[in-house]
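So the structure is just underneath, and the comments pick up after that.
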Amino acid sequence: MKVLKLLFMVVSVTGLSAFAIKKEVPEKVEEAFNKKFPEAKAVHWDQESDHEWEAAFKYGGHRYSANFMDDGTWKETEHDIKLKQLPDRVRISLFQKFQNYKIKEQEISETTNGILYECEIKKGKSKLEVAFDEKGELKKKEVLTGEDED
């Protein structure tokens with residue numbers, strides 16, 4: 001019985017420590033990041049998926065995040081902005097399409113396909129993430145659940 005308990009403890013600790021092992025950020029990812037953001041400060045890396053990495057950092061006094069693929073390919077950069085920094089067309093479209101929603105936060109998302117303005121909005125218990133292009137056209141509308149937030 002003691003042997004089984006000991007074996008169970010060893011397997012449990014070994015199994016848990018396997019989940020705690022964090023992979024190293026690939027060299028190509030770090031090189032691409034440093035080239036794109038040479039003045040970045042306080043960089044913190046997370047692995048988003050098997051082949052995607054996200055850096056959270058300060059750049060020019062603002063908080064940013066940037067995503068890169070394993071091969072160093074840049075995918076996306078995001079940073080928060082103030083409501084008044086949304087282009088007029090985006091603000092007008094947002095207020096027209098989502099009249100009774102409260103705007104919780106807004107950010108710029110820059111990708112290889114262009115710039116999107118993403119907003120998290122709320123009405124009662126309903127939370128959405130919406131994205132508009134620079135012309136104010138709605139490009140994405142996604143219902144947020146508790147685990148999607150932040």
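In what follows, every heavy atom counts, from backbone to side chain, and hydrogens, waters and symmetry copies are set aside.
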Hey, does [Y] have a side-chain heavy atom less than 4.5 Å from the side chain of [X]?
X	Y	result
Ile81	Tyr117	yes
Phe132	Pro87	no
Thr77	Phe37	yes
Val130	Leu138	yes

What is the distance from atom [atom1] of [X] to atom [atom2] of [Y], rounded to the nearest 0.5 Å?
X	Y	atom1	atom2	result
Gln106	Leu86	CD	CG	5.5 Å
Ile121	Lys104	CD1	NZ	12.0 Å
Glu120	Lys122	CD	NZ	9.0 Å
Met69	Trp74	CE	CH2	13.5 Å
Ile103	Arg91	CD1	CZ	9.5 Å
His79	Gln85	NE2	CD	7.0 Å

With a 4.5 Å cut-off on side-chain heavy-atom distances among I, L, V, M, F, W and Y, is there a chain of contacts connecting Ile108 to Ile92?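 Cluster IDs for Ile108 and Ile92 differ.
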For a side-chain contact (heavy atoms from CB on, under 4.5 Å) with Glu52, tell me which candidate from Asp46, Asn67, Val29 qualifies.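 The side-chain contact (heavy atoms from CB on, under 4.5 Å) with Glu52 is passed solely by Asn67 among Asp46, Asn67, Val29.
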Q) Can you find a side-chain donor-acceptor pair between Asp71 and Thr73 that sits under 3.5 Å? A)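 Present: a donor and an acceptor within the cut-off.
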Where is the tightest heavy-atom contact between [X] and [Y], given as atom of each residue plus distance?
X	Y	value
Ala131	Glu118	CB-CG, 3.9 Å
Gln99	Gln96	CG-O, 3.5 Å
Ser93	Gly136	OG-O, 2.7 Å

Among Phe57, Tyr59, Trp53, whose ring pair (Phe, Tyr, Trp, His ring centres under 6.0 Å) with Phe33 holds?
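One option only clears the test, and that one is Phe57.
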### Task
For the pair Lys141 and Leu128, evaluate side chain to side chain contact (heavy atoms under 4.5 Å, CB included) and give the outcome as yes or no after the intermediate values.
CA-CA 7 Å; Lys141 178 180 166 186; Leu128 303 174; 4.0 Å; yes
More than 12 heavy atoms of other residues, nucleotides or ligands under 6.0 Å from NZ of Lys58: yes or no?
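Atom NZ in Lys58 is not packed in, count stays at 12 or less.
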| field | side chain to side chain contact (heavy atoms under 4.5 Å, CB included) between Asp133 and Leu116, worked out | value | CA-CA 5 Å; Asp133 66 12; Leu116 288 178; 4.2 Å; yes
Any ion pair linking Arg89 and Glu134 (charged N to carboxylate O, less than 4.0 Å)?
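Between Arg89 and Glu134 there is no salt bridge, as every charged N stays at least 4.0 Å from the carboxylate O atoms.
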